[in-house]
Amino acid sequence: MAFSQQFLDELASRNDIVDVVSSYVALTKKGGNYFGLCPFHNERTGSFSVSQDKQMYYCFGCRKGGGVVNFIMEIENLGFRDAVELLAKRVNMEVPADNTDREEARRRQRVLALNKDAARWFYQNLSTPAGGPARDYLARRKIGRKTAMDFGLGASLDGWDCLLTAMQEKGYSKADLLAAGLVVRNQKGRLYDKFRSRLMFPVIDVRGDVVAFGGRVLDKSEPKYMNTTETIVYSKRRNLYGINLAKKTKRPNFILCEGNIDVITLHQAGFDNAVASMGTALTTEQTRLLSRYTKELVLCYDNDAAGQMATQKNIELLRNSEFTVRVLSLPRRLADGQYVKQDVDDFIKYQGPAAFEAALGGSVNQVDYRMEAVAARYDLTDGVQKIAYAEEISQLIAALPNAVEREVYAGRAAERAGLTREAMLLDVKRARDRHQGRERRQMQREALNISALRQPQDRAIRYTDMRSAMAEEGILRLLLLDVSLADRCRDLAAEDFSSPFLGKVYRLLLEGRAQGGGMSLTALSGECTAEEMSHLTTLLQKPESLANADKSLPDYIRVIKESAGRRRGETPADPLLAARDRFKEKKGYGGKQT
């Protein structure tokens, strides 16, 4: 383990999980626990629980859970040591040195420093004769010097190893440049600059660190855009272009755009709440990042087929989220007698900021947008198509959770199609009944499959022996309630466990006990993956009573050792015992203690 048990226990005691989580999630006390909207998945009803007594969090929706270190690792996208350092800094604790983790931290800092120096070098190139093509491009796009400076725009040069040479002169190695994704190795083993003859866009995270780069060609060559691949400091799914500036906005919402230039143009025009999702596909991790700063999103993608598809996908992702979602569809522009697509940059250039402000104020909510998209696919003067429209639109309206919303939108759909309100409401009711029927049948199938419900979500830690695994879970619950019970488990080895993961946790608990203490969730965070910690927190939600430990502990040990014996071929299977256990599992007992 990277840190001593004593240090981690003190860190956890000084960082109360309710205080830490409250700085990211609005919590309300209900009974003995605190509840709020889960920051790890989209939801409208709070299923995210924080226990002050147990110092752990758990979401009953997505089943993520863990201790205070896990929470920081997940919410801030940090490794274990970085999360520990953040919490230690929060309470002014000194972090002990650890050679392994210090090397990891050193590599991260090295890449961040290299990215910063590379960004400076690109920016300086913009003022040189070699940066002329990039300056000309910015002038054509009407991007001013101050805006270019705010976003750190730069130019990569027309050479195979210009950046490589410049950074080596600053003391960076080829390994550093490879780790940062700034150079590429060819088939002969030679390194060359990844970005050449491009306008450069540094990607800066919420902490102000340069974590990656995007580059746009200055001619008609391909690929038009090129981006840094995943590195030790960069994950495309977890970053948003422009978030470092947009987080300071005073506007009540964020505008989600398609590309870097759109963001830059909007900021220059006074819309400092614009960000781009590093491509058109929004991710859950990006929505989690956005939720720290706003609860209202305006989707503003290009009005071509790709942009409309991206809008629909993002609406679906955000459908049950805490966000209020609006859609700004820019009108097509008349050029040379034909209507052509118009992106944000075009609109600002031809119509001006005031027109965009007006369009922003008139942006429609996501239901209106989706209804418009459905209607556009049908000729409502044709009887057959009118029936098909009614069927599709009724399914869309039936999915709305609010009865008043369903009635209002059913009326609008009926009026548009020339149908009676009553007929449309009847179609909506039928569609909703079918949808709810499917949901009930799915829930019934899941309820009948008790074994599947008990399985970990992560396939890597699925159970192969359910009977033994239930007993193994019981042992862990008891030991986490009172680690001194480990003294009564001397005949039970971690190797007896059917689940390698549960056996690992058991071994760690025994080691903690042998060192004169216990093993907290904080310490386990450094030894387990996020998926393992979530499952460990899931099994801790099940009831377990120390008052019954005298009976339940020996029962758990017996079941585990019998199962281990059968796996090793040492104990013949008892058909009566197996039948009894299957009966108990069907009835829902399964070793549960009250």
Side-chain angles (χ1 to χ4, degrees), residues 25-26 36-47 61-62 237 240-243 246-247 249 251-259 262-263 266 271-331 343-344 347 356-376 392-393 395-406 408-410 412-413:
V25 180
L37 294 173
C38 180
F40 305 123
H41 82 288
N42 297 324
E43 62 174 5
R44 288 190 181 275
T45 304
S47 57
C62 67
R237 297 181 60 83
L240 291 157
Y241 184 73
I243 189 69
K247 70 176 185 177
T249 187
R251 288 178 175 264
N253 51 34
F254 269 33
I255 303 170
L256 196 58
C257 302
E258 192 164 320
D262 293 337
V263 171
L266 282 173
F271 302 93
D272 62 350
N273 55 336
V275 295
S277 53
M278 316 299 290
T280 54
L282 188 66
T283 67
T284 302
E285 291 87 349
Q286 288 165 345
T287 64
R288 190 187 307 166
L289 178 59
L290 286 165
S291 69
R292 297 190 208 172
Y293 306 106
T294 186
K295 299 304 176 189
E296 181 179 336
L297 296 177
V298 179
L299 306 183
C300 186
Y301 291 128
D302 293 356
N303 54 11
D304 57 6
Q308 291 173 6
M309 186 179 297
T311 300
Q312 291 283 6
K313 284 183 179 179
N314 290 345
I315 285 174
E316 189 61 31
L317 175 67
L318 296 163
R319 189 166 54 129
N320 295 317
S321 73
E322 62 193 292
F323 293 101
T324 298
V325 181
R326 303 186 69 81
V327 180
L328 174 53
S329 295
L330 298 174
D343 58 21
V344 170
F347 190 92
F356 187 85
E357 187 76 70
L360 188 60
S363 56
V364 299
N365 68 48
Q366 51 125 338
V367 181
D368 286 320
Y369 176 84
R370 294 172 74 196
M371 288 184 66
E372 287 291 328
V374 172
E392 183 174 351
I393 204 73
Q395 291 177 17
L396 189 158
I397 297 170
L400 299 177
N402 185 284
V404 175
E405 278 187 303
R406 292 196 295 273
V408 168
Y409 286 109
R412 291 184 189 176

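Note that the numbering runs from 1 along the sequence shown for the chain.
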Taking salt bridge (Lys or Arg N to Asp or Glu O under 4.0 Å) as the test, write out the residues that go with [X], two or more places apart.
{"X": "R412", "value": "D368"}
{"X": "R370", "value": "E316"}
{"X": "K295", "value": "E322"}

Flag the pair D262 / D302 as yes when at least one side-chain heavy-atom distance between them is below 4.5 Å, and no otherwise. yes
A side-chain contact here means heavy atoms from C-beta on lying under 4.5 Å apart; do L256 and V275 qualify? yes
Distance (rounded to the nearest 0.5 Å) between [X] [atom1] and [Y] [atom2]:
{"X": "F271", "Y": "E357", "atom1": "CZ", "atom2": "CD", "result": "4.5 Å"}
{"X": "L328", "Y": "C257", "atom1": "CG", "atom2": "SG", "result": "9.0 Å"}
{"X": "L290", "Y": "I243", "atom1": "CG", "atom2": "CD1", "result": "5.5 Å"}
{"X": "E392", "Y": "I397", "atom1": "CD", "atom2": "CD1", "result": "11.0 Å"}

Do you know the tightest heavy-atom contact between [X] and [Y]?
{"X": "L317", "Y": "L282", "answer": "CD2-O, 3.4 Å"}
{"X": "L266", "Y": "A274", "answer": "CD1-CB, 3.7 Å"}
{"X": "L299", "Y": "T311", "answer": "CD1-O, 4.0 Å"}
{"X": "C300", "Y": "V344", "answer": "SG-CG2, 3.5 Å"}
{"X": "G61", "Y": "S47", "answer": "N-OG, 3.6 Å"}
{"X": "F347", "Y": "A359", "answer": "CZ-CB, 4.5 Å"}

Among residues at least two apart in sequence or on other chains, which ones pass side-chain contact (heavy atoms from CB on, under 4.5 Å) with [X]?
{"X": "A399", "result": "R319"}
{"X": "D272", "result": "T249, R251, H267"}
{"X": "E405", "result": "L400, P401, N402, Y409"}

side-chain hydrogen bond (donor to acceptor under 3.5 Å, both in side chains) partners of [X], counting only residues at least two apart:
{"X": "Q286", "result": "T283"}
{"X": "T294", "result": "none"}
{"X": "N253", "result": "N273, E296"}
{"X": "S363", "result": "R326"}

Going through the checks in order, is the side-chain contact (heavy atoms from CB on, under 4.5 Å) test met by F356 and I255? CA-CA 12 Å; F356 187 85; I255 303 170; 4.0 Å; yes
F254: which residues meet the ring-ring contact (aromatic ring centres under 6.0 Å, His included) condition with it, sequence neighbours left out? none
Would Q308 and Y369 satisfy side-chain contact (heavy atoms from CB on, under 4.5 Å), going step by step from the backbone distance to the final call? CA-CA 10 Å; Q308 291 173 6; Y369 176 84; 3.9 Å; yes
